Amino acid sequence: MISENLRQVEQVIQNSCALASRKRDSVQLIAVTKASDARATQDIIDAGITHCAENRVDAFLAKKAAVHANEKNLTWHFIGNLQRRKVKQVINELDYFHALDSLRLAAEIQKRAEHVIQCFVEVNVSGEDSKQGISLTEVPEFIQQLAEYDRICVVGLMMMAPFDSTVAQQHALFHQLKQMQEQIASQSLSYAPCTELSMGMSNDYPVAIEEGATFIRVGTALFKE
Ligand SMILES: *Cc1c(COP(=O)(O)O)cnc(C)c1O
C-alpha cells in the first residue's frame with residue numbers, strides 16, 4: 001500500500017540522516033510519479049507528499065492538470081531529458097528542472113522562460129555512454145558559460161548512478177558530485193548558488209543521503225505493489 005511504502009521510505013530517510021548526522025529537513029523527498037496513474041499520484045499526495053516529478057512533457061502536463069484542482073501547494077520537478085522543441089510547452093509550468101546539460105538547451109530556456117527557472121545541471125559522473133549529462137570535468141566551464149542567461153539559476157547538480165553499481169561505487173560517485181557542488185558554491189556566483197544535490201533513486205537513496213543529497217528522486221520504492 002502506498003501509505004505504508006511512504007512510511008518505510010520515510011523511516012529509511014530518517015535512519016540515513018541520523019547516520020550522517022544530518023537534520024531530516026535537509027533532505028527533500030520527491031515522488032517520481034512517471035510509472036503511476038493519476039489515482040496513485042493522488043494517493044501519495046494524500047499520504048503527505050508535497051514534491052512530485054515526471055520525466056516526459058505530455059505526462060507532466062497531464063498529471064499536473066489532473067491533480068491541480070485539489071492540490072495547489074505541490075512543487076513540480078521535471079527530471080527527464082527535455083527536447084528543445086518542447087521547452088515552450090513545459091518550462092513555465094515546472095518549479096525545478098533537473099536536466100540542464102547543453103548550452104543550446106539553456107538558450108532555448110532563456111528564450112521561452114517568463115521568469116527565472118530553477119535548474120540543476122545534470123552530470124554524467126560515471127562516464128557511462130548511455131547516460132545524459134555533461135562530464136564532471138566540464139562542469140566549471142559550463143556553469144561559467146551560463147552567466148549570460150538571466151532566466152537560468154543553477155540551484156545545484158544532478159546525477160544518476162549506474163543501475164548495477166555497488167554500494168562502494170555509489171559512495172564514490174555521489175561523493176565526487178558533492179565535491180564539485182561545493183567547488184561551484186564556493187565561487188558565490190549570483191546566478192549559480194549551487195547549494196543543492198539531486199541524487200539518489202529507489203535503489204541508492206540511503207547512500208546518496210549519506211553523501212549529501214538534498215533532493216532524492218524516488219519512484220519504485222513508493223509505488224510498488
Ligand atoms: C525514474 C527516475 C527516477 C526514479 O527511479 P526509481 O528507481 O523508480 O526510484 C529518478 N530519477 C530519474 C531521472 C528517473 O528517470
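Quick caveat, the model's predicted, so the values are computed rather than measured. Reckoned from all heavy atoms, side chains included, excluding hydrogens, waters and symmetry mates. Just follow the structure's listing: the first ligand is 1, and inside any ligand the first atom is 1.
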Can you check whether Glu196's main-chain N or O pairs, donor with acceptor, with Gln181's side chain at less than 3.5 Å?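 Here the side-chain-to-backbone pair does not exist.
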Counting distance only, does the side-chain N/O of Gln110 pair as donor-acceptor with the main-chain N or O of Asp150 below 3.5 Å?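 Judged by distance alone, yes, a pair lies under 3.5 Å.
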For [atom], what is the closest protein heavy atom, and at what distance to 0.1 Å?
{"atom": "atom 9 (O) of ligand 1", "result": "Ser202 OG, 2.5 Å"}
{"atom": "atom 13 (C) of ligand 1", "result": "Ile79 O, 3.6 Å"}
{"atom": "atom 5 (O) of ligand 1", "result": "Met201 CE, 3.5 Å"}
{"atom": "atom 8 (O) of ligand 1", "result": "Thr220 OG1, 2.5 Å"}
{"atom": "atom 11 (N) of ligand 1", "result": "Arg217 NE, 2.8 Å"}

Is there a polar contact, in the sense of an N or O pair closer than 3.5 Å, between Gly219 and ligand 1?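 It does: an N or O of Gly219 is found under 3.5 Å from an N or O of ligand 1.
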Running the 4.5 Å side-chain criterion over Ile, Leu, Val, Met, Phe, Trp and Tyr, what cluster does Val32 land in, apart from itself?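 In the cluster with Val32 are Ile79.
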If you measure from each heavy atom of Val218 to ligand 1, is any distance below 4.0 Å?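 Distance cut 4.0 Å: Val218 passes for ligand 1.
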In Å and rounded to the nearest 0.5 Å, what is the CG to CD1 distance from Leu197 to Ile209?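 It comes to 12.0 Å.
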Relative to ligand 1, is Lys34 under 4.0 angstrom through side chain, backbone, both or neither, heavy atoms considered?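 Lys34 to ligand 1: side-chain contact only, backbone stays beyond 4.0 Å.
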Determine the sole option in Glu122, His77, Arg217 for which the side-chain hydrogen bond (donor to acceptor under 3.5 Å, both in side chains) test with Ser198 is passed.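 Of the listed options, the one satisfying the test is Arg217.
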Pair Arg112, Glu108 - check salt bridge (charged side-chain N to carboxylate O under 4.0 Å, His left out), show working. CA-CA 6 Å; Arg112 305 296 183 181; Glu108 184 65 15; 2.9 Å; yes
